[in-house]
Amino acid sequence: MNRLSFWIPLAIFVAFVGLAAYQLTQPKDDFVASTMIGKSIPDFDLRPAVEERPGLSIANLKDGKPKLLNIWASWCVPCISEAPYLEALRRQGAEIVSVAIRDRPADVERFLGNYGNPYSRIGADDLSEVQFGIGSSGVPETFVVNGNGVITYQHIGDIRAEHVPILLQKLAEARQ
Amino acid sequence: MIAELGLAALWIAAALAVLQLIGGALAQRDPGGELAKLVRPAAIVQGLLAAFAFLMLLYLFAVTDLSVKLVATNSHSAKPMVFKLAGAWGNHEGSMLLWVTVMSMAGALIALVERRLPERTILATLAAQAFVGIGFYAFILLSSNPFERLPQPALEGNGLNPLLQDIGLAFHPPTLYFGYVGLSVAFSFAVGALLTRQVNPDFARVMRPWVLGAWIFLTLGITAGSYWAYYELGWGGWWFWDPVENASLMPWLAATALLHSVSVLAARDALRAWTIMLGVVAFSMSMLGTFLVRSGILTSVHAFAVDPERGTFILVLLALYIGGALLLFALRAGTVAEGERFSVTSREGALVFNNVMLSAILGIVLLGTLYPLLTEAFDVRVSVGPPYFNPVGAIFAIPMLMVMAIGPLMRWRNDRFDRIKLPVWIVFAIMAAVFLLVLVLGSYGWLPILGLAASIGLAVGSFLPLRGRNLLRVPTATWGMVIAHFGIAVALFGMASESAFSEEHLAAVDVGESTKVGPWTIVLDDVAPVAGPNWTAIEGRLSAQYDGGTAIELRPQSRNFWAPPQETTESELATRWNGQLYAVIGNQSGDGRWQLRLWWKPFVTFIWYGGVLVALGGLLALIGRLRTDLKRRFAKARSIERRSSGEAE
């Protein structure tokens with residue numbers, strides 16, 4: 001070993017400390033962005049989660065009309081807080097379809113009875129297949145899907161008042 | 001009062017560590033000075049005080065003193081006593097105190113008994129040990145005081161994570177900590193030897209028991225941790241390449257390499273700079289692991305209370321210790337005289353090969369663990385898992401295992417391949433035969449087949465060093481090597497067979513219905529609620545028959561803890577000599593049937609039997625080395641005595 005090679009461990013170590021120090025100063029972002037943005041949603045066909053609304057399949061997302069696709073569950077607390085804003089979006093002309101994750105029909109019905117039903121379709125995703133297929137890692141999440149089944153925008157977390165105009169605008173962009 | 005006593009003892013211990021550092025450093029100029037005489041006593045008293053502080057913390061947990069914040073947040077009066085005590089170190093503050101306690105007691109032990117090295121080197125070592133200790137004292141006293149009081153005593157404690165309420169886990173972190181601390185001692189010796197330029201076989205002999213001891217604890221810790229993850233998480237896997245698991249594996253890899261290179265240094269006075277380097281790296285890996293786990297910089301299945309501020313503190317300590325040691329290494333290693341030379345075909349040659357392979361595997365695990373951190377800096381999120389670690393690690397592990405089977409047959413310094421031709425061909429013929437046999441019998445992955453072949457070959461090869469020797473006169477340390485190598489073969493056999501032959505079955509069954517997995521027939525007899533001291537559970541009562549034999553009852557549970565509320569699955573295992581049936585009960589589905597997850601894992605237990613054998617081998621080696629050291633010490637004392645009495649006549 002020559003003398004220079006004795007410095008290699010130190011160099012590697014300094015690089016590590018630099019990287020770790022940089023990462024420690026970065027805010028920890030717990031949201032995982034979907035890698036599916038800009039891509040077509042894979043084929044799926046979900047049975048209805050409740051009797052009063054039809055289920056959801058890929059065909060419904062390829063009917064030419066852009067939609068919001070809401071991923072939610074009756075057991076999800078933030079889903080309760082976003083319910084009024086979903087309702088607001090629906091009143092302002094957005095068509096909202098949804099996927100209920102790992103849920104029971106009775107619970108879904110009770111949730112819709114308590115907090116309103118802004119959805120035109122609700123598919124039951126008992127194994128999170130569709131959820132993972134579109135690159136969603138949690139509930140609630142809301143996707144903008146254009147008329148051809150392509151995801152154009154992802155909103156992670158509950159929808160708050162300030163997100164309503166953003167989602168409407170993204171929906172309008174998806175129409176073009 | 002008790003808490004204040006503990007805190008006071010800790011402050012005084014910290015002050016003594018400062019004295020120990022200054023004294024040891026000044027003694028480098030003036031080894032006979034007044035301060036130099038204080039270093040050993042300071043180390044001893046420091047160890048006693050830290051132990052006292054830790055005992056005080058244990059007492060506070062034993063009586064559930066809810067006016068102490070740490071007790072209130074981590075314990076509960078309704079908890080069983082053993083978990084109350086385990087709660088003392090099952091959290092950040094307590095575990096740091098445990099670390100510093102064990103470390104300062106190790107320092108005390110060195111100060112008390114170690115007289116084989118030049119006094120300057122020992123004092124430099126104790127100074128290095130104090131330097132490391134001061135950082136931990138500062139960390140505890142300034143930012144993680146375990147004795148902090150609450151302004152108002154809490155009415156009831158906040159419990160302990162129910163996942164952690166497990167006897168195996170209660171003793172898993174301390175085991176790893178003993179290992180880490182042992183490596184910190186090896187690190188201090190390496191720094192001491194570098195500072196005084198005393199890198200020689202004596203240094204290696206003094207350092208070796210610490211490395212061996214650390215390695216035994218790390219082996220046991222990893223084995224226990226892996227078994228814990230296996231039966232407690234209920235996912236059926238035994239190793240997930242999770243950052244926290246890697247954090248414990250990396251020091252083990254470095255310690256394994258160090259163990260072998262220190263033996264070369266002790267026996268042959270070769271590999272001087274390399275041994276020093278490994279001494280620094282092994283402890284770096286312990287610190288790095290602690291940093292990764294505690295800072296929360298990587299996402300892991302092991303939920304620790306993470307805190308970026310603590311992460312920063314550990315990073316600063318890491319930079320000081322390891323950066324300092326590596327800088328010292330870069331400056332000094334060139335001035336350490338080169339050791340003895342040896343030829344490629346020699347025992348040293350085989351050990352160097354093993355060292356390079358182990359270091360390569362270490363590098364691979366390190367890269368895989370840190371890679372997400374690197375890509376995240378460029379806003380790409382990745383998760384590195386088995387598809388990377390398994391095949392890339394195997395590239396280096398398989399050749400290493402082959403050399404491991406034949407290396408111990410070689411002589412030191414220089415050997416001819418012709419001499420050991422026969423056993424080498426036997427070992428390789430066995431490997432090839434097993435490889436072909438498994439290949440023909442079924443369609444399994446390449447890695448498990450290679451693993452099976454290597455394990456059988458190694459199992460045979462590990463006993464070859466005993467060939468033609470009187471077994472009663474084989475040194476204990478050699479027995480240790482044989483058993484440790486055999487243990488690796490056993491563990492590898494378990495891993496390969498688990499991954500090749502496991503069968504999994506996910507079933508939804510009604511009470512009274514039966515289902516099959518592998519050779520087992522399982523009937524769900526009943527599902528009933530049961531209650532424990534701090535939980536309630538749904539318990540499945542299964543009767544399992546192996547190949548039509550007598551039925552064994554299994555009772556997997558889905559448990560709900562109420563302090564604090566949390567749900568866990570308690571898997572149940574039926575262990576046979578040739579494998580384990582692993583049963584997990586899930587929720588009731590809409591139609592009233594119960595979800596059962598069943599695995600048949602042939603020879604999976606060999607993984608942990610192997611781990612225990614490896615540790616046992618380490619223990620035998622340690623006993624053998626310590627006995628030789630003691631004998632040498634007595635012989636020396638006797639010869640001095642004889643000489644002085646001869647002079648008197």
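Residue numbers start from 1 in every chain, and the chains themselves are labelled A, B, ... in the order their sequence lines are given, proteins ahead of strands.
Considering B/Phe291, B/Phe131, B/Phe187 as possible partners of B/Tyr321, the one that fulfils the ring-ring contact (aromatic ring centres under 6.0 Å, His included) test is B/Phe131.
Proximity to chain A is limited to the side chain of B/Leu315, based on heavy atoms less than 4.5 angstrom apart. Looking at B/Leu318, the atoms closer than 4.5 Å to chain A (heavy atoms on both sides) sit in the backbone and in the side chain alike. The parts of A/Ala21 that come within reach of chain B are both its backbone and its side chain, each placing non-hydrogen atoms under 4.5 angstrom from that chain.
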Report task. For side-chain contact (heavy atoms from CB on, under 4.5 Å), just list the numbers for B/His260 and B/Leu271, CA-CA rounded to whole Å, side-chain angles, deciding distance to a tenth of an Å, and then say yes or no. Result -> CA-CA 10 Å; B/His260 290 88; B/Leu271 301 184; over 6 Å; no
Query - side-chain hydrogen bond (donor to acceptor under 3.5 Å, both in side chains) assessment of A/Ser74 paired with A/Asp103 - result: CA-CA 7 Å; A/Ser74 68; A/Asp103 234 328; 2.5 Å; yes
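Between B/Phe313 and B/Phe139, the ring-plane angle classifies as parallel under the 30° and 60° cut-offs.
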